[in-house]
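What follows is a set of notes on a single structure, which appears directly below.
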Protein chains: 2
Amino acid sequence: MSRCNLEHPARRRQHALVFAALSDETRLSLVSALAGGRPRSITQLTDGSRLTRQAITKHLHVLAGAGLVRCSRRGRESRFELDPQPLQELRAYLERVSEQWDQALARLKVFVEG
Amino acid sequence: MSRCNLEHPARRRQHALVFAALSDETRLSLVSALAGGRPRSITQLTDGSRLTRQAITKHLHVLAGAGLVRCSRRGRESRFELDPQPLQELRAYLERVSEQWDQALARLKVFVEG
DNA sequence: ATAAATAGCAACCTCCGGGTTGCATATTAG
DNA sequence: CTAATATGCAACCCGGAGGTTGCTATTTAT
C-alpha cells in the first residue's frame with residue numbers, strides 16, 4: 001500500500017494556482033505569445049486581442065501571481081517575459097500522476113490474472 | 001518568423017477546459033485518489049473530505065466535463081474512474097511550449113552573439 | 001514645451017464557481 | 001416489507017473572476 005498521496009497540501013495549492021492561471025484562453029494565448037522568448041510590453045500584447053488593455057493587464061498579473069511571468073519596467077513600458085519553470089513543474093506533476101496510474105493498472109492486472 | 005501560433009482556437013479551448021478542471025485543490029485530490037486505478041463511488045470519495053457529498057458530486061462532474069473521469073452506474077452507486085488521456089495531452093502541450101521557449105532562447109542567443 | 005504614448009488605479013457590473021440545504025428516487029440489506 | 005444506503009435534482013447564497021470605463025501619472029517624441 002503505497003499510500004504516499006505524495007502531494008503535501010502546500011504543493012497541491014501551488015499546482016492548483018498554476019493550473020488556474022492556465023485555465024483561460026486569453027492567458028493561454030499570452031503564454032504562447034511570450035513563448036517566443038522576447039519580452040513584450042502590455043500594448044504589444046494587447047494588439048491583436050479584442051480585449052481592453054486593462055483586461056490584458058489583469059490577465060498578466062494573474063500569470064505573474066502564479067510565477068509564470070515576470071515583469072520589469074523599461075522606460076515608460078512594462079515588459080513581460082515568460083518563466084518556464086512552473087510549466088516544467090506542472091509537466092513533472094502530470095508525469096507522476098500518469099506513472100502512478102500505469103503502475104496501478106499493472107498491479108491490478110497481476111491481481112486479476114495471478 | 002515561425003508565426004505558427006500552433007494552437008487552433010478549438011484545441012486551446014479544450015486545453016483551457018482541462019486546466020480549469022485541475023485548478024481546484026479538491027479536484028486535484030480526487031484525481032490523486034482515482035489515480036490508484038480502482039473505480040470509486042461518490043460516498044467513498046466523499047469520506048475523508050470535509051465537504052458535502054453534493055460538493056464532491058459537482059467536482060466529479062467538472063472532471064467528467066473535461067474528460068478526465070468517466071462515470072458508470074453499478075447497482076445503486078456511481079463508480080468514477082480516471083481517464084489519463086487528457087492528462088497526457090496536457091503534458092504534451094506543456095512540453096511543446098517549453099520546447100518553443102528553449103528554441104527561441106537559442107535563436108536569440110545566436111542573434112546576440114553572432 | 002506640448003502632445004502622444006504607455007501604463008497604473010479605482011469603481012463598477014455581470015456572471016459563474018464552489019458550497020450548502022432540502023427533498024425525491026432507486027437499490028440493497030434485514 | 002421496511003429501513004438504510006447511495007444518489008439525483010433544484011433552489012439558494014456568496015464571493016470572486018473577467019471585463020469595462022474614466023481618470024491620473026510618467027515617459028518619450030516633435
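A note on names: the letters A, B, ... follow the listed sequences, proteins ahead of strands, and every chain is numbered from 1. This structure is a prediction, so every number in the text was calculated from the model and none was measured.
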Taking atom types as they are modelled, is there a donor-acceptor pair under 3.5 Å from the base of dG17(C) to the side chain of K58(B)? no

N/O (side chain, H59(B)) to phosphate O (OP1/OP2, dG19(C)) under 4.0 Å: yes

What is the nucleic acid contact for S78(A), judged by heavy atoms within less than 4.0 Å: base, sugar-phosphate only, or nothing? sugar-phosphate

When the distance from CZ of R76(A) to P of dT27(D) is rounded to whole Å, what number comes out? 11 Å

Compare the minimum distances between each of dG8(D), dA7(C), dA6(D) and the side chain of R53(A), then state the nucleotide with the smallest one. dA7(C)

Report yes if a donor N or O on one partner sits less than 3.5 Å from an acceptor N or O on the other, where the partners are the side chain of Q54(B) and the base of dG18(C); otherwise report no. no

Remember a base hit wins even if backbone is also touched, and classify R27(A) as base, sugar-phosphate or nothing at under 4.0 Å, heavy atoms. sugar-phosphate

Starting at CD of E77(A) and ending at P of dA5(C), how long is that distance when rounded to a whole Å? 14 Å

From CG of L30(B) across to C1' of dG18(C) the rounded distance in Å is 13 Å

Within this structure, what is the CD1-to-P distance between I42(B) and dT5(D), rounded to whole angstrom? 17 Å

Return the value, rounded to whole Å, for the distance between atom CZ of R73(B) and atom C1' of dA26(C). 7 Å

H61(B) NE2 to dG18(C) P, in whole Å, measures 14 Å

OP1 or OP2 of dT7(D) less than 4.0 angstrom from a side-chain nitrogen or oxygen of T43(B), does that happen here? yes

